Structure formats: structure tokens, C-alpha cells
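Read the structure below first, then the notes.
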Amino acid sequence: MAEILIDYVREEYEDAVLESHSRLGNDTVVVDKDAVPDVIQFLKDDDRCKMNLLRQISCVDYDNRHPRFEVVYVLYSLQHKHMLLVRAPVPEDDCEVPTISHLYRTAGWLEREVWDMYGVTFDGHPDLRRVMMYEEFEGHPLRKDYDKQDGQPRTEFLSRERDSVEEFNIYVKDRDAAGSRDE
Amino acid sequence: MAEDVSPTIDQDIHTEPMLLQMGPSHPATHGTVRFNLTMDGETIVKCDTEIGYLHRGFEKESEHSTWNQVFPYTDRLNYVSPLLNNFGYALAVEKLLELDVPPRCKWIRTLMGEISRLTDHLTATGASALELGAMSAFLYCIEGREILWDLVEQVTGARLTVSYGRVGGLRDDLPENFEEDWEYVRERLYEIHEEIRTLLSRNRIFLDRTQGTGAIDPETAIDWGFTGPILRSAGVDYDVRKDHPYFMYDEVDFDVPVGETGDNYDRYLVRLEEIIQSIRIIDQCLEKMEPGPVTADDPRVVLPEKDDVYNTIEGMINHFKLVFEGIQVPAGEVYSYTEGSNGELGFHIVSNGTGKPWKVGIRSPSMIHMGGIHELLEGGMLADIIPTFDTINMIGGECDK
Amino acid sequence: MPNWLAIILFLLVVLGAATGVISGAVWSAGFLPAMPGWLIILLKIGIIVFGFVMLVASLMTLVGDRKQSAKIQNRIGPNRATFFGQSLGGLPHFIADGIKMLFKEDIVPNGAHRTFHMVAPALIFIPALLGFSVIPFMDEYCSTGAPMVTPNYPFELCPNGEWLNYFQVIDLNSGMLFAFAIASIEVYGATIAGWAANNKYSLLGGMRSAAQMISYEVSLGLSLAGLLLIWGTLDLNEMVRLQGKLFAGWIPLWGIVIQPVAFFLFFLVGMAETKRPPFDQPEGESEIVAGYFTEYSSMKFAVIQLAEYVATVFLATLTAVFFLGGWQVPFLFADGFHFGGIGAQPDIALPYAVVIAMRIVAMLFKVLVVVWLQFMMRWTYPSFRYDQVMTMGWKIVLPLSLANFFVTAFIVLII
């Protein structure tokens, strides 16, 4: 659709771009994961790009490839009506990407979903907890090594009423198994 | 004077915010979602949304099914407009295959998609009327939905869980008496639309409840990722059917209603007008459709005719391989987006060359709206949650996948 | 038996019973002076409360709430409970529902205040019924059996006998005041019901209900102050008699004719008082599940529901008494119809017993019409938001009723 976008990114961030293609009509740039906020900020602010709608943040688990994960950002501009996919490969041992929740407010939930399903942490995210699974869930369901038939341990009966957001966060975030973030 | 008095009163009277949980099972939240509300009297100070009560592992299940076996899962995504999900997924896989479907198939997909959009808008309008107390309006909308479901049942065999789309085409062509039945449904839908309009659109009580509540301005809406009727009611003219047409949307003539203030009343009006526009599209589809095949002529993708399967060896082997191993989609990745009834429904599909998808990711509009709904609710009153939540129209199946 | 036959038989039975009761009442009027006073009052309470109020209230829960709404909404409504194999338009359902409610389990939530939980339904129900003690269903009965009709007010005189009070439980001089005082007690019932269950939703509903009812009570009284100025009496029976006056010889001076604004205000405010939709925020039905009666089950719930319908009927009877002429049939006086002014002889002569029967039927008919109207409003309109209800009560309805009062006072001064 708009391959010119790839050229804009390449000329600004030459060293961060690893690869780019336009297969099947989806223009894609593959960038280094630490350059992600800068590239996306450039794409959002620059007048030629003006990508003001973040459509999706998704993650793909390539099981037998290094780097294992690849986080995909789908950006769209309502003014110029062009779309760009920005991908960042994330290795398994360094499973962290800087957050873009300060650029788009919808990234808050989308990044929470990626953390919930794949276990990729977002550095600097204000509120990284599970969004679709319950808080005591162990593991990250959409990873390829999480078997479809896997079971979960029984949760204990909570003795206090979870009716305060602050108490709830404190109670859940301070426990060991909360969100399996320590694995 | 009154403004001077209140700060001193606030200092003397010790008040505490009340914590209220509008929990997952609540008559007003149709769809299971939980709001942890911190309230000061009746005003909402803070709202924390929790979803996931209907999570059924759609994406994980899709990775273990063949490409065509994913269609029943897509039915259950936005279960009030199942055909739109079906066709969105089919479009995405056909992009990966770089396969072009015959024109009649595209016409039928447009038509049935618009019928699903009608059912969704009727349900949303009716449910918002019901929650506000106008129960008769709800039942008129449900009558409209029932006659539409009769049509859908004639074509696909089921009212809700249709599984009508296939990669490379459709399950079957339209039945012969579809046009006559559509005539009756169309007249009745116009009557119902008129009844709802006269009951609600100028009703003082309805206006008081919906005007000015749940308002959002365009920049905030884009920032939170809202699309669909919500974004259009805020004044942004973005409709995937017009901006990036797919199927036969560039050959039919329809308008896109755009609101002004982004409050609940505008969303209701946008949906009401889109009902009329959808009926217009369906009429034009029926006029312009030519007879022809409804599935692509590609034996690697589409199942052969039953005649050939039972009587020739090539047909049988073809059928066997397609059913057991699935369609061999070349490796690649695509993000394809269509206009669902709530917003932009996107499918992010990765294939590794086998008969089963490697990843099927969904950009569900309802989940993104849930991410931003606390912006609309905070600062309003408890009673405003009802019309706001209804006009946002969160469908549980789509939100939690 | 075929459906139409069963319906006709059922209607005949009902009509026969009604005729029997009324004619028996009229016939035994001859014996009534001989009965002790307390027995007469018991009889009146029995007939009015059980025969009329409970019957209409329960029937309204079925016919108005379910069948009427079904007709509006293009569906059928309950038709499964049968009477000798016929569904009779769903009428056996109300007996079936009552019996079902009796057998349900009575749940008191953990942490609720048990005494108040038990007392609150009674606090709602009893004032609703008590209000009926001052409603006149017919004028007082002339003991000689034939009152004399005079051209001027009062139109009926009982020269040789005395007026006996058979159709009103108590004949209070300050009937209107009593009715409103009793209606104010209902506030306690709803608030206590909301607080007694250990539930934030119920508390919200109770608070909303208290504030709403108190706000609208002011307007309730004020909207009738105009009528008070014009008629100068608080006695309800006297008010109905005064509505028999004919203006220019042919317009009966009903309340709605001389105070149309007050009629609309009173009807609206009455619906807010009894928490009917569109003012049903305290009951929530959407955001606060069921408002102040969320935690009540079985008979307590049935009692509260019935109390709401009884209050609806009470409001309807008050409307009929104040504004629609009560038991007055236009142009009907004690000896027959006098069209075009009261001459010496009636245009259509009727015996006194028939006049009594017609007047009672007229009162019942007016009450039923107003109740039907309230149900139509319920099923058509959405509900107000709570702060809009309060805004309306204080900023719109109250000034309007005050304005009505001033204008009426001004006109009374001039005329």
C-alpha cells in the first residue's frame, strides 16, 4: 500500500531496521526491540506518516527459531490512510520490550494482553497485570510449550473480600505466584 | 456564595468513598464484565474494568485445528453477527493464499454480512432501550431480529452458529425464494425502525438519559483505539467499508452516518441510521447479483463436488487430503481487517505452510473498547453506566475471545 | 369445553357474584340499622379491602402487568395455568402465583438486621391499605330509601330520615389530610427495607426512595391546594358531592374541569410517590438489580410487590375522587337522569337501588381507567435518571404547583 513509509523509517533509523518487506500488501519493517518506542514515536509525530491509530499489538511464538518471539505493532493513519506493521524480535532469555503506553493509551491493555498470553514484559508499563486470565493463573497460555490440555492448580478460597481496587492490587501483586512474573 | 460554603462543609464532614462492585453477573451488564467502582455518593470516581470471564481459548484452539475447522470458532466470537466474523476470517486466509473468489460469492458475502450487521444493531438498540426501562421497544427490535434469523436459517441452516463461510467461497448458494422472503422482511424492518424512532428518538426521558452522558472527543477516542460506531459518533469519518473496500462494497452505494458529540444519543442515532443503510446495501446486492459459481475454482482449497467424491478416485483423494490435512497455505503472515458491527475486526494470521494455522490473532473491537471505557464512566453517575455500556455494545464473546 | 363457552361461563359467574353482592348489600340495607356499628365497619372493611382493593391489585399484577404488556409488545403473555382445561386469558395465573409465593423459601441474608427485615414489608403494606379507609365508594345512604332532589346544592336531601354511612369505612372531616399523612408513612417502610438487608445495592435503593418520596410529597399536597381553595372542605365525600354541580347547565364541574393543571401534576407526582415507572429508580431494575427489595424472598417479596400495586390503586382512587368526580355519574341524581338542569321530574326515572349500583360501578370504572393508564405509561416510557427525578421534583413540579395555587387563589378572589 504505502511502501514509502518503509523508506521514511529507513532514512531515520537506519541502524535499527533489520529487515523490511511488503509481502501480501502488508508493509512491514523489522526493527531492533530497543528502538521500538523511538520508531513508533517518529511514525506517530512525523507529518508525512501521522500514524495516530494503534490497531493491534500482537506477538508470535516461533518455537524453534532464535529469537523466539516477535512482537508485532500494527499502526494506521486516519489522515493518510496507510498502514504499517512494525515487528521486533524478542529472544527468550531477554524477554523484555520497552513500552509504548505513553504514546497510545490503548497500548496499556494491548501490552497487558501480550504479557498475559506470551510472557513478554514491557519495561515501563504502569500497570502490568493479567487482563484475560485470572490473577492466580500460572504460565502463559499461548506459548507453544503450554499444552492445550494443561491444568491449573486450584485457587484457594480468598478470605477477604476483594472489593477494593487498591487492596486487590496489593494482595495479588505481592504474592509469589502472582502472574508468574518471577519465572 | 454557595461555592464558598462547600469547601468548609467538605472539611467538616468526613466522607469516605464507597466501593461497589458491578460484578460479572448483573442484570445490566449483558455480557460478563466486572467493574470495580469507587464512588463518591452516586458519582463514579474510579473504575477498574475486568474482563476474561468468557475466555474460551479461541486462539489456542485454532492452532490445533485445520483452516476450515476454525470457522465454527469464529461464529462464537461476536455471536450476534456471526457471518461478519466468518467472512473476515475467510478474507484473511484468502489473502494468504492470494486466492480470488468469484463475484457472486463476494455479493453473497456482502449481503449476508449486512444482514448480520442488522441483527447486531437491532440487538444493541433494543437492549439499550430495555435497560433504560422502555421494555416494549426491546421486544419490537427482537421481533425484527427474529425475522432476520429466519432468513439466515433458510440460507445457512442455523440462526446463530452459522459456519457459513469457507476458505475460497461459501458453503452453499442462496435458496430460490430468498428474494420474496426478503421483501417481507424489508417491509417489516422499515415499520419496526419507524416505531423505534417514534418511541425513542424524541422521547424527553430517553433524551435526558442519553444526551450528554458518556461523551468522548475525537482525539481521545482515536488514542484509545475506538473504531466503528463509537468513533463515528464522535465525528471521525472512518469506515473500513468506504476507506479500504473489500468484497463488493465499492460497487454499492451507501452513506456512513457520522455523529457530532460522541455521547450516547449520537451512538444510538448512528446505529439507527446504519440499519437503513444496511437495508439499502442488501437491496442493491440482490439487484446486481448475477448467477454463477460461489466457490473458487481451485481444487487445492475448495472441496470437490459430492458426485466426484463418490464416483471418481481423484475426487475422493482430493476430499480426503483437504479434510484430513487441511488446506496447505503457503508460509507467511497477514493482517486483514474488515468492518465488524462494533468496530474494526482484524485477523492477524501466521501460517507455516501446513494445514493448520500457526497463529490466529484477533483484533476484537470490544476488548479495545473495554480498555477505554473507564474514561467514559469516570466522572459520571452510577445510573449513567447503563446507557453508556449498552451503546458501547460490548459482546462478551468478542471481548474475551 | 370450548374456550368461548368457558369464558362466557366465567364472566357470568363473576357478574352474578357482583350483582348478588351489590343487590344483597342494597337489600340488607334495610337490616343494617339493626346491626351493631362495629359489625357494619367490619363488613365495609371486608368488602372494600378484600373485595375491591386486593382483587384489583392482584388482577392488575396479572392483567395489567403481564397480559397488557404482552399485547403492547406483540407477544402472548401467560396462558399456561388452566381452569377446567381452558386458559381463560391467563386469569388462573394470579391464584397460581399467590400459592407459589407462599411455598418459597424465606431467605434472610447473613448480617441483615432480622427484626427490621421482617417488619419492613409490613411497614410498606399497612399504610397502603390504611389509606382506603377514607375513600367514598358511594354517597351516604338515606335511611328512608328515597332522597328528595332539589335544584340547588346540596342536590339531595333526606328530609324524613338520616344519612347513614355505608360506603365509606370512616367518614372523617379531614379525609384528605388523613390520606396524605398515611401516605407519608410509606417512606419509612421503603427506607428501612433498603437498609435492613446487608447489601450496598439495597442501601442505594432505600436512600433514593426516601429522597424521592419526600421531595414529591410537598408537590402532592400543593397541587391539591387549589382544589381546597375552591371547595373549602377536606372531607372526601363532600368533595365528590360538590363535583355534581353543573356549570352552564350541562358541564359537570369535575376536578379536571376546574383544575386541569393540577390533574396532570397530581397524576405525575402520584406516580413518583408510588415509585412507578418512569420514576422507578429506587427499584432500579437495571443498575441496582432490584433496589430496596433485592434481598426479600417468598411472602415478604410478594407483600412488597402487592403493596406497590395497592399504592397504585390508591393513587388511582384518589385521582378519581379528586379529579374525575368519584362516584358521580354525569347528570345522574337520586331519582334518575336530569338532562339540562334539574327540573321537577327526571328525564329518565330510576329507582334508588339502581342509582346506587350505577354510582358504585362508575367509581370502579374510573379507578380501573386510571390504573390502566398508569400501566400504559409504565410499558411505554424509559425511566428517568435519579438526579433528573430530583431536579424535576424541586425545580419544575414544585414551582408549577405553587403557580397553580397562586393563580387559583387570584381567580377565587375575583370571582
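Chain letters run A, B, ... following the sequence lines, proteins first and then strands; every chain starts at 1. On a predicted model such as this, the values are computed, not experimentally measured, just so you know.
Annotation: side chain of B:Asn352 is not in contact with side chain of A:Tyr62 (no heavy-atom distance under 4.5 Å).
Residues B:His55 and A:Tyr134 have side chains that never bring a donor and an acceptor to within less than 3.5 angstrom of each other.
Relative orientation of the B:His244 and A:Tyr76 rings is perpendicular, given thresholds of 30° and 60° on the angle between their planes.
Between the side chain of A:Thr106 and the backbone N or O of B:Gly225 there is no donor-acceptor pair closer than 3.5 Å. Side chain of B:Lys60 to main chain of A:Pro141: a donor-acceptor pair is present (N/O by atom type, distance under 3.5 Å, no hydrogens or angles). The closest donor-acceptor contact from the side chain of B:Lys359 to the backbone of A:Cys59 lies under 3.5 Å. B:Asp223 places no side-chain N or O within donor-acceptor distance of the main-chain N or O of A:Tyr104, the cut-off being under 3.5 Å. Using modelled atom types, one side-chain atom of A:Gln56 and one backbone atom of B:Ile362 make a donor-acceptor pair closer than 3.5 Å.
Of all heavy-atom pairs spanning B:His348 and A:Ser58, the tightest one is ND1-OG, 3.2 Å. Taking both residues in full, the closest heavy atoms of A:Asp63 and B:Trp358 are given as N-CZ2, 3.7 Å, listed atom of the first, atom of the second, then distance.
The part of A:Leu103 that comes within reach of chain B is its backbone (N, CA, C, O), which places non-hydrogen atoms under 4.5 angstrom from that chain. In this structure, the portions of A:Leu53 lying under 4.5 Å from any heavy atom of chain B include both its backbone and its side chain. The contact between B:Val350 and chain A is made entirely by side chain atoms (from C-beta outward), counting heavy-atom distances below 4.5 Å. For chain A, the nearby parts of B:Thr220 are the backbone and the side chain; heavy atoms of each come within less than 4.5 Å. Using a 4.5 Å cut-off between heavy atoms, B:Glu98 touches chain A through its side chain atoms alone. Interface residue B:Leu96: backbone and side-chain heavy atoms are both found under 4.5 Å from chain A. Interface remark: B:Glu333 contributes backbone and side-chain atoms alike to the contact with chain A (heavy atom separation under 4.5 Å). If you measure heavy-atom distances from A:Arg143 to chain B, the contacts under 4.5 Å come from the backbone alone. With a 4.5 angstrom heavy-atom cutoff, A:Val74 touches chain B only via side-chain atoms.
A distance of 7.5 Å separates CD1 in B:Ile368 from CG in A:Leu54, rounded to the nearest 0.5 Å. Atoms OH and CG, from B:Tyr335 and A:Asn26 in turn, are 10.0 Å apart once rounded to the nearest 0.5 Å. Once rounded to the nearest 0.5 Å, the distance linking CD of B:Glu59 with CG of A:Leu142 reads 5.0 Å.
Counting heavy-atom pairs closer than 4.5 Å to chain B, the top residue among A:Arg105, A:Met133, A:Met132, A:Arg23 is A:Arg105. When each of B:Lys401, B:Glu344, B:Glu375, B:Glu219 is scored by its heavy-atom pairs under 4.5 Å with chain A, the top score falls to B:Glu344.
Relative to the six-membered ring of B:Tyr337, A:Arg55 meets both conditions, a distance below 6.0 Å and an angle of at most 45° to the axis.
A salt bridge links A:Lys144 with B:Glu63: at least one charged nitrogen is closer than 4.0 Å to a carboxylate oxygen.
The local environment of CZ in B:Arg300 is sparse, with at most 12 non-hydrogen atoms from other residues, nucleotides or ligands closer than 6.0 Å. Open room surrounds CZ on A:Arg154; 12 or fewer heavy atoms of other groups in view lie less than 6.0 Å from it. Enclosure of atom CD in A:Glu96 by more than 12 non-hydrogen atoms of other residues, nucleotides or ligands within 6.0 angstrom is indicated.
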Practice prompt. Please report the C-alpha distance between B:Asp237 and A:Lys81 in whole Å, then the side-chain angles of each, then the deciding distance to 0.1 Å, and finally whether the salt bridge (charged side-chain N to carboxylate O under 4.0 Å, His left out) criterion is met.
Written response: CA-CA 12 Å; B:Asp237 184 10; A:Lys81 304 207 189 300; over 6 Å; no

